[in-house]
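Worksheet: the structure to be examined is printed underneath.
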Amino acid sequence: MAVRLLSHELSDLCLGKPALRSLSVTSTIAEALEVLKTSDDNFVSVWSCDHKAKTSSGFESAAGFCDNYDDDDCRCVGKVCMVDVICYLCKDENLVSPSVALKEPVSVLLPKIPGLVLHVEPSCSLLKAIDLILEGAQNLVVPIKTNLSNKRKQHQRPSPTVTVHKGREFCWLTQEDVIRFLLSSIGLFSPVPAFSIDTLGIISSEILTIEYHSPASAAIGAISRTLVDQTSVAVVDSEGCLIGEISPFTLACCDETVAAAVKTLSSGDLMAYIDCGGPPEDLVRVVSSRLKERNLNGMLEHFSMSMSCGGFSSSSSDEESMAASPLPRSGRYSRSMSYSARMVRRAEAIVCHPKSSLVAVMIQAISHRVNYVWVIEDDCSLVGIVTFSDMLKVFREHLETIA
């Protein structure tokens, strides 16, 4: 069984993975927003070659087919999500005129960190993939052999966001994909998965925190860093007890106008604002009032328009209705409401105890679709954090012994 696990290639993990939605590196941030607001994925890939294709509406989208390409010249160079846009709009100059800021190329959002997104072949081994992730890669871009006929290509050409190169589509694999795959063979690692995370020594004390009453704007830099680290910003009280979090995973389900809330609310109020179900009406009024006080008329206009189109409601009956009848994550509704109904991410932090077992923490993180779990004591004092990367180090060491 161990030999069989080691024999797996990345093509095995790609089964059922959707083709990447993509943008050209020359696309504008506004175009990126349009794709993000209609996507089932929080991220969209950014490519260095021109993937422009006419949509059925006649709009020229930065995605589609690239029949004449060179593997070295046409590559995925990064990824963007709503959090990138939110942090970008939080800059003072962009708050003054968000409409101008959104005309900038999407390339300004890409982090200046090499190796976050890497191209690999389908034959790449599982061990090699884990090594690449532990070296810093977040997404491994893998080609999918589709063998599309010319007729089928013509039929699919109106699609605005699927990248196809001479019959090859692409998907990408993440830390979560690898952890899920290893979980399916967890028995091979016995007894390690039953050990506590404390015993395994994988609790990291390198965490980013902000005090509950502190301005949320003080966490903008930390939010950007946690997006890269695939973690979160812990919100704590004066005694260091964990109250909640400002998570990129939650912010990614919002729309770009949350930048106004980040710049005007406290960290505690921001947690309430981004919690699923929609922001409370009183906080919406507070944000509008403070934008007006600071003469941020450009963002105020953008914010007010979004609120009027979204039709926010914070009533419990509405939240219960949304929970009972999930809405598809598409179009203006889900994003302008600042939340995707298919996601159940809340500002409440996902936590475990130092004595929790490795497998229990794995399941906890996967079930909540996050890459980390906070570690707290019985009195809620914050101990640290456990990430998928920490877990992969444990499995990599064990695989070394059976390789």
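Bear in mind that the values here come from a model prediction, so they are computed numbers and not experimental data.
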V235 and T209: side chain to side chain contact (heavy atoms under 4.5 Å, CB included), yes or no, with the steps? CA-CA 6 Å; V235 179; T209 64; over 6 Å; no
What do the steps show when you test T257 against D255 for side-chain hydrogen bond (donor to acceptor under 3.5 Å, both in side chains), and what is the final call? CA-CA 6 Å; T257 61; D255 71 13; 2.5 Å; yes
Passes side-chain hydrogen bond (donor to acceptor under 3.5 Å, both in side chains), S45 versus W47? Steps please. CA-CA 7 Å; S45 60; W47 291 70; 2.9 Å; yes
Derivation of the salt bridge (Lys or Arg N to Asp or Glu O under 4.0 Å) call for D41 and R21: CA-CA 9 Å; D41 193 351; R21 303 189 68 158; over 6 Å; no
For D390 and S204, what are the C-alpha separation, side-chain angles and deciding distance, and is it a side-chain hydrogen bond (donor to acceptor under 3.5 Å, both in side chains)? CA-CA 8 Å; D390 298 320; S204 174; 5.5 Å; no
Between K263 and D92, does a salt bridge (Lys or Arg N to Asp or Glu O under 4.0 Å) hold up when you go through it step by step? CA-CA 9 Å; K263 291 292 287 187; D92 291 339; 3.2 Å; yes
List the steps, then state whether side-chain hydrogen bond (donor to acceptor under 3.5 Å, both in side chains) holds for D379 with S381. CA-CA 6 Å; D379 61 356; S381 58; 2.7 Å; yes
Quick one: do V96 and L296 satisfy side chain to side chain contact (heavy atoms under 4.5 Å, CB included)? Show the steps, please. CA-CA 5 Å; V96 173; L296 297 173; 4.2 Å; yes
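Around the CD atom of E301, the shell of radius 6.0 Å holds no more than 12 heavy atoms that belong to other residues, nucleotides or ligands. The 12-atom threshold is not exceeded at CD of E206, counting heavy atoms of other residues, nucleotides or ligands nearer than 6.0 Å.
A salt bridge links D177 with K17: the closest approach of a Lys/Arg side-chain nitrogen to an acidic carboxylate oxygen falls below 4.0 angstrom. Note on E176 versus R180: salt bridge recorded, some NZ/NE/NH1/NH2 to OD/OE distance being below 4.0 Å.
Side-chain contact between V394 and L358 is present, with at least one heavy-atom pair separated by less than 4.5 Å. Put simply, the side chain of Y273 reaches to within 4.5 Å of the side chain of V287, judged on heavy atoms. Counting heavy atoms from C-beta outward, V192 and L200 have side chains that approach closer than 4.5 Å. For the pair V286/D269, no side-chain contact is recorded, criterion being any heavy-atom separation below 4.5 Å from C-beta on. Looking at heavy atoms from C-beta onward, W374 lies in side-chain contact with L242 at the 4.5 angstrom threshold. The shortest distance between side-chain heavy atoms of I179 and M362 falls below 4.5 Å. Side-chain contact between D198 and V375 is absent, with no heavy atoms from C-beta onward closer than 4.5 Å. At a threshold of 4.5 Å between non-hydrogen side-chain atoms, the residues Y212 and S266 do not count as touching.
Between F395 and F189, the ring centre distance stays below 6.0 Å. For an aromatic pair to be called close, the ring centres must be under 6.0 Å apart, and H368 with F249 fails this.
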Name the atoms and distances for all side-chain donor-acceptor pairs under 3.5 Å in residues 122-143, with sequence neighbours left out.
from	atom 1	to	atom 2	distance (Å)
S125	OG	K128	N	3.1
D131	OD1	R396	NE	2.7
D131	OD2	R396	NH2	3.3
Q138	OE1	K79	NZ	2.8
Q138	NE2	V228	O	2.1
N139	OD1	K79	NZ	2.6

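A side-chain donor-acceptor contact under 3.5 Å links T38 to the backbone of E34. Between the side chain of S304 and the main chain of L300, a donor-acceptor pair closer than 3.5 Å is present. Of the possible donor and acceptor atoms, none in the side chain of S97 sits under 3.5 Å from a partner among the backbone N and O of N94.
The minimum heavy-atom distance linking V373 with A365 is given by the pair CG2-CB, 3.8 Å. Nearest heavy-atom pair, I210 versus A219, reported as atom, atom and distance to 0.1 Å: CD1-CB, 3.6 Å. Counting all heavy atoms, side chain and backbone alike, C81 lies closest to L227 at SG-CD1, 3.8 Å. Closest of all the heavy-atom pairs between P248 and V83 is O-CG2, 3.3 Å. Taking every heavy atom of both residues into account, A234 and L382 meet most closely at CB-CD2, 3.8 Å. For the pair A259 and M299, the tightest heavy-atom approach, listed with the atom from each and the gap, is CB-CE, 4.3 Å.
Counting only N and O atoms by type, the side chains of Y372 and S247 include a donor and acceptor under 3.5 Å apart. Residues S389 and T387 bring no donor and acceptor atom of their side chains to less than 3.5 Å of each other.
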